[in-house]
Amino acid sequence: MDSLSGLALGFGNALSLANLAWALLGCFLGTAIGVLPGIGPALTIALLLPITFQVSATGAFILFCGVFYGAMYGGSTTSILLNTPGESGSIITALEGAKMARNGRAGPALATAAIGSFVAGMVGTLGIAFLGPVIVEWALVLGPAEYFSLMVLCFVTVSAVLGSSALRGMTSLFFGLMLGLVGIDLQTGQPRLTFGVPELLDGVNVVLVAVALFAVGEALHMAWHHHAGKIEVLPVGRLMLSRQDWKRSFWPWVRGAGLGFPFGVLPAGGTEMPTMLSYYAERKLAKPEHQKEFGTTGAIEGVAGPEAANNAAAAGILVPMLTLGLPTSATAAIMLSAFQSYGINPGPLLFTQQADLVWTLIASLFIANVMLVVLNLPLVGLWVRILKIPVPQLYGGILVFATIGTYGISNSVMDLVILYALGVVAMFMRRFDFPVAPVVIGMILGPMAEQALRQALTISQGDWTTFVTRPGSAMILALAALALAGPRIWAAAARRR
């Protein structure tokens, strides 16, 4: 099925009342969550995972993607009005956005951020629709050896490259791999790491782990470090952009979207690097009379470009998840676990075996973008009021929802014991700066990597050199080695100079 036919099929399904309602709910929840500092889309989708046992796959994924896109939109509100980025991708937005707000231009800053998010979301979703099938055709020729090497590359980039410490990232990854080993080995039938507990024979539910790490762990950590204080929210003022603002924002939107999407598709891309590059590019390209606004009164280009790059990169993250089954962020990892809850394995065959689901999801992303512009600009007063929710009540509610949702999965007290045990572990991981995303990625991809490894060795009759003699596998492993060693070599060379 080509992209245009797929989009026609998708819009036919996405425009049903039920799917429109799921999209609207996801956009509303996502924007509200994005506005609240410290609560990102990963935590929210983790809390919503238990609904996968009650709701159709299409409805659930439309909801999740609405939350994901909405959180990207809402994150700019806290960056501009509070100078407190809710997500790492919104840090650069705060540099100029907060200064614009202090100088009475919060309205234009919020408007250019929302419209830039819309432009970038549309560009990114078009990229998913037209680039996805191309990657699928390439992925269909990959064998087990290449898939194992791809997963090694994903492990390295997510754990060792993106975090502040390679050692901490790899430690988190191996903890996730260990959790993925719990249960019965499908090939030998032997129990692994069950310690005589019958409930562990089926393995640890990935939904439970995601909720524990992102919801319970975050709530306990915030309770531990909470300091009461009054939040100062700057006034919004008029939201309309002047003709000059439109003129100054247009090309930064385009450049930011074009820069962000490729970074999102890359395994080690993320949203931090493209937003930073977009900011410095706009600072260099700004007219001389506008350059003096950077870092002083706030330049609108410094909000428009990075915000567009942030949203385009977020859309790009969905490409490797849907086409290769590789999550490159915490949110993508949790969404991948939701696919597994439905017995669906993302990858090259997803576009043929689940064509209705995939194309309905992509079409819903276009619809969600339109909804988010309508929700963000007129209702900005509502989002500002959400910031006044007391933190103790907010995180207490998260713990209640996490407990009820987890118990509802299998009505097991053992699940609650595991939930809070892993939640305490996650709290200490945050305390000592261990990233939690590699745990979920290791748990999800670990069993898949083990299966690919065994298949590759079976085909090669136990010859381990198959991973370096096959050109595709050798090239991917070389990239993984470069990603692991490159930053250290570069830093050592810089120190020597």
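The structure presented is a predicted model; accordingly, all values stated were derived computationally and were not measured.
Not a single donor-acceptor pair under 3.5 Å links the side chain of Thr323 to the backbone N or O of Gly132.
The distance between the ring centers of Phe434 and Phe428 does not fall below 6.0 angstrom.
Remark: Leu285 engages Arg255 in a side-chain contact (heavy atoms from CB on, under 4.5 Å) (not counting sequence neighbours). Checked against ring-ring contact (aromatic ring centres under 6.0 Å, His included), Trp246 has the following partners two or more places apart in sequence or in another chain: Trp253. Taking Ser16 as the reference, Asn19 meet the side chain to side chain donor-acceptor pair (under 3.5 Å) condition, with sequence neighbours excluded. Residues meeting the ring-ring contact (aromatic ring centres under 6.0 Å, His included) test with Phe250, sequence neighbours left out: none. Applying the ring-ring contact (aromatic ring centres under 6.0 Å, His included) test to Trp22 and every residue at least two apart in sequence or in another chain returns nothing. Residues that satisfy the salt bridge (charged side-chain N to carboxylate O under 4.0 Å, His left out) test with Arg430, not counting sequence neighbours, are Glu218. For Phe68, the ring-ring contact (aromatic ring centres under 6.0 Å, His included) criterion is met by no residue, not counting sequence neighbours. Residues satisfying the side-chain contact (heavy atoms from CB on, under 4.5 Å) test with Val216, not counting sequence neighbours, are Leu220, Leu399, Ala402, Leu419, Tyr420. For the side-chain contact (heavy atoms from CB on, under 4.5 Å) test, residues two or more places apart in sequence or in another chain that qualify with Ile476 are Ser149, Leu150, Leu153. Shown here are the side chain to side chain donor-acceptor pair (under 3.5 Å) partners of Ser117, two or more places apart in sequence or in another chain: Asn311. Under the side-chain contact (heavy atoms from CB on, under 4.5 Å) criterion, Ala312 pairs with Ala120, Ala257, Phe261, not counting sequence neighbours. For Gln354, there are no side chain to side chain donor-acceptor pair (under 3.5 Å) partners, not counting sequence neighbours.
Relative ring orientation between Trp359 and Phe351 is described as perpendicular, the plane-to-plane angle rising above 60° on a 0-90° scale split at 30° and 60°.
Atom CG in Leu15 sits 10.0 Å away from atom OG1 in Thr360 (nearest 0.5 Å).
Heavy atoms from other residues, nucleotides or ligands lying under 6.0 Å from CZ of Phe130 number more than 12.
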